[in-house]
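Comments concern the structure below.
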Amino acid sequence: MSVKVYNTMTRSKEEFTPRSPGHVRIYVCGVTVYDLSHVGHARSAMVFDVIQRYLRFKGYRVTFVRNFTDVDDRIIRRANAEGVPAAELSERYIQAFREDMAAIGVAPADVEPKATEHIPEMIALIERLVAKGFAYTVNGDVYFEIRRFRAYGRLSGKNLDELLAGARVEVDERKRDPRDFALWKSAKPGEPAWPSPWGPGRPGWHVECSAMATKYLGESFDVHGGGEDLIFPHHECEIAQSEADTGRPLARYWLHNGMVNFGAEKMSKSLGNVLTIREFVKRHAPDAFRLFVLGTHYRHPVDFAEERVRDSARALERLTRLVHDAHALSRDPSASAAVPEDLQDFRARFEAAMDDDFNTPQALGVLFDLARVLSEARDRTSADERAREHFAGGVSELVTLGQVLGLLQRAAEVGGTPADVLRLVEDRGQARARRDWRRADQLRDEIQRLGWSVEDTPSGPRVARKGA
RNA sequence: GGCGGCGUAGCCAAGUGGCCAAGGCGGAGGUCUGCAAAACCUCUAUUCAGCGGUUCGAAUCCGCUCGCCGCCUCCA
């Protein structure tokens, strides 16, 4: 079965075939590191994390690149306000971003290039564009001349004349055309600057991605991704620069994730309606966010709401419980049991959903269908050994498929229960046997204080880490 | 104004020509139970914003109407 992806460039679903058979090269626009990242950034990162995971699951080798924009007006402004060097500020937020990603289970990219470490590549690209007549210099600035590149506007479906008509673009007398964009900005006092053929300055935003993507993935790679708010002008400009330079398509497939809305409006710094990832993980389990995000197709907008995340957390519990129960039943949880024949259909359904432009809501439906079957199977496990094996095999399949979506990672690696907790559980069992309910309830409270929960089931007490 | 998209049960959300319109949350009933909680089982949209059309057949295609959102400016 082959993967189909929706390509923004052609506005249709296309069969996915990487340029090099078996090897997928992906570039995703990362964040500008001038502040803490919010759940909108988290969604984007998570969407491409899942895409990347799925392609690996399908047997592709994947080279995944996600950049950091660490030189930019906002970084400079913020650094000046705080009285620290821009490099120090951006480094702080790169660290924060990495911590946040780890907290929500988003894997690091294979390469995470920073703009400031690729200035020579950018200068070289700009020089080529000047030499080829696509760019011009004015007093230390370099601009890309939009009219020289025929295909400008193709990705975003913009009509060049209408762009001009609507022009809310800053009027800058030095540009030949208001729609031209900066490749190189000359340094003003107090700004970080690098030497260049046009004098000291810094790169424009769009040129970073072109230079870094090409450096790590080649002139023409497979997937270029990012939020849909980057389609114009960012990705449009990247295409113009790179393709003017090489004459080859920068990427074969352009994938864009929908926005996160907060109170019916797009979550965004400029609107001030953001929730940082940091703030979020204080209140919710990471997997609850993942389930929440993946419950909507990646191209659609999603309205963020606490209540909705809590719904996801409840749903998630049903899955993690199955995993914990399988561990409790199995002598050797690391030995993954064979997938029972009657459960093999689920993987096919899961793949069919994911093959269709990464339809995670449908894939989750398959996981919950499997969970229902497993729940019934669990009820029979106390009786016989074969039922236990069947259950264990089914749960291992649930974990395998869940991990493709980045779910159930922690639940699956849950180790033993600490001895002190086990002792309390044991004591409580004895108290219950004596019908000493007061003592039993005291012990339950104590167990909960240690961050664990205990529930009584027909087959004995069930112990679990809270929120896992 | 230009471009793109959305409107499916109380809430969220798949489905985009033809088996009973996935799945989750919530709700109702039941099993289990010292209590509590959980879990498990069953049920929960004759109907897909509205109107008209194409078709043997439409939530799915076409047209119109209403409502909502994104991009066109820094933005994941």
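These figures come from a predicted structure and were not determined experimentally. Letters A, B, ... are given to chains in the order of the sequence lines, protein chains preceding strands, and every chain is numbered from 1.
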- Determine, stepwise, if the pair A:R290 / A:D49 fulfils salt bridge (charged side-chain N to carboxylate O under 4.0 Å, His left out). CA-CA 11 Å; A:R290 196 170 273 270; A:D49 180 56; 3.1 Å; yes

Which nucleotide, in any strand shown, forms a Watson-Crick or G-U wobble pair with [N], with both distances under 3.5 Å?
| N | result |
| --- | --- |
| B:A58 | none |
| B:C40 | B:G30 |
| B:A49 | B:U65 |
| B:G1 | B:C72 |

- Item | Closest-nucleotide 5' rank along RNA chain B - winner of A:A363 and A:E376 | A:A363

- First of A:R310 and A:D303 reached from the 5' end of RNA chain B, by closest nucleotide: A:D303

Among [options], which nucleotide sits nearest the side chain of [X]?
| X | options | value |
| --- | --- | --- |
| A:E265 | B:G70, B:G4, B:A76 | B:G70 |
| A:P361 | B:G24, B:A39, B:A13 | B:A13 |
| A:T32 | B:A76, B:A14, B:G24 | B:A76 |
| A:R378 | B:A76, B:A14, B:C40 | B:C40 |

Does [X] place a side-chain N or O at less than 4.0 Å from the phosphate oxygens OP1/OP2 of [N]?
| X | N | answer |
| --- | --- | --- |
| A:H256 | B:G5 | no |
| A:K266 | B:A76 | no |
| A:R432 | B:U33 | no |
| A:S375 | B:C40 | yes |
| A:N359 | B:G15 | yes |
| A:R314 | B:G26 | yes |

- Query: By centroid distance (under 5.5 Å) and plane angle (under 30°), are A:W437 and B:G34 in a stacked arrangement?
  - Reply: yes

- Query: Any idea which heavy atoms bring A:H235 and A:H256 closest together, and the distance?
  - Reply: ND1-NE2, 2.8 Å

Would you kindly check whether a donor in the side chain of [X] faces an acceptor in the base of [N], or vice versa, at under 3.5 angstrom?
| X | N | answer |
| --- | --- | --- |
| A:D356 | B:G15 | no |
| A:K158 | B:C71 | yes |
| A:R318 | B:A39 | no |
| A:R444 | B:C35 | yes |

- Message: Here's one to test your reading of the geometry: is the NZ or CZ of A:K4 within 45 degrees of the ring axis of A:F16 and under 6.0 Å from its centre?
- Response: no

- Message: If we ignore hydrogens and angles and just use 3.5 Å, is the side chain of A:E243 paired with the main-chain N or O of A:A240 as donor and acceptor?
- Response: no

